[in-house]
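In what follows, a structure is listed as structure tokens, so that the remarks can point back to it.
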Amino acid sequence: MKKLVLIALALITLQATAQERKDRQKMDKKERAERMSQYTPEEIAEIQTKQMTLQLDLSEAQQKQIMVINVENAKSRKAMMEKRQKAMEDKEKMELTKEDKLKIKNDMLDRQIAMKKQMKDILNKEQYEKWEAMAKEKMKKGRHQKKQMMHKK
């Protein structure tokens, strides 16, 4: 009997901890989105460019070229975010059709291809390889977080 009580207590504790962690992750994501929405696309691009300068040791000319790219990307991301928020408010358009999902995925892949080409033109071989490795790591991290969120639902 004591063993059953201990097992039940352990399961209840485990469940409470898991629920708390899930809520905290949701809050972290919301907080991060709110913080980023406070910045203008130019400010976001400046931060990204400075981070890339530190990581890739960019020259002044490279910084200027990458800043232009980062501003364009930040503006398009902000516009997409606002569009998504409006759709969420409408509630009717919560479900995307198969065609909508395909278009969104194709647009994203086109942007990634264009970004890769632009970076290849701007960066030297060593910098480009390092940038690619950073991008892969970022994607891997994003996928890992997405998988965690899917398993928790």
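- Within the structure, ring-ring contact (aromatic ring centres under 6.0 Å, His included) contacts touching residues 35-59 (residues at least two apart or in different chains) do not occur.
- Between Gln55 and Trp131, every side-chain heavy-atom pair lies at or beyond the 4.5 Å cut-off.
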Report the C-alpha distance between Gln112 and Lys117 in whole Å, list the side-chain angles of each, state the deciding distance to 0.1 Å, and finish with yes or no for side chain to side chain contact (heavy atoms under 4.5 Å, CB included). CA-CA 9 Å; Gln112 286 178 349; Lys117 184 181 182 311; over 6 Å; no

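- Considering only heavy atoms from C-beta on, Ile122 comes within 4.5 Å of Ile69 through its side chain.
- Checking each of Ile47, Thr53, Leu54 against Gln51 for a side chain to side chain contact (heavy atoms under 4.5 Å, CB included) leaves exactly one that passes, namely Ile47.
- Taking CE of Met52 as the reference point, atom NZ of Lys130 lies at 11.5 Å (rounded to 0.5 Å).
- Applying the side chain to side chain donor-acceptor pair (under 3.5 Å) rule to Asp107 yields the partners Lys103; only residues at least two apart in sequence or on another chain are considered.
- Put simply, the side chain of Ile44 reaches to within 4.5 Å of the side chain of Arg77, judged on heavy atoms.
- Judged by distance alone, the side chains of Glu43 and Gln38 never bring a donor and an acceptor atom under 3.5 Å apart.
- With sequence neighbours left out, the side chain to side chain contact (heavy atoms under 4.5 Å, CB included) criterion links Lys101 to Leu96.
- Not a single donor-acceptor pair under 3.5 Å links the side chain of Glu129 to the backbone N or O of Glu126.
- Judged by distance alone, with hydrogens and angles left aside, the side-chain atoms of Gln127 form a donor-acceptor pair with the main-chain N or O of Asn124 at under 3.5 Å.
- With sequence neighbours left out, the salt bridge (Lys or Arg N to Asp or Glu O under 4.0 Å) criterion links Glu132 to Lys116.
- Atom NZ in Lys83 sits 12.0 Å away from atom OG in Ser76 (nearest 0.5 Å).
- Clustering of Ile, Leu, Val, Met, Phe, Trp and Tyr side chains at separations under 4.5 Å places Val71 together with Met67.
- Contact of the Asn73 side chain with the Gln48 side chain is not registered, since no non-hydrogen atoms from C-beta on lie closer than 4.5 Å.
- Applying the 4.5 Å side-chain rule to ILVMFWY residues, one finds Met108 in the same cluster as Leu109.
- Looking at heavy atoms from C-beta onward, Lys75 lies in side-chain contact with Glu42 at the 4.5 angstrom threshold.
- Heavy-atom contacts from other residues, nucleotides or ligands closer than 6.0 Å to NZ of Lys78 number more than 12.
- Side-chain N or O atoms of Lys120 include none that pairs as donor or acceptor with a backbone N or O of Tyr128 at under 3.5 Å.
- In this structure, CG on Leu123 lies 9.0 Å from CD on Gln65, to the nearest 0.5 angstrom.
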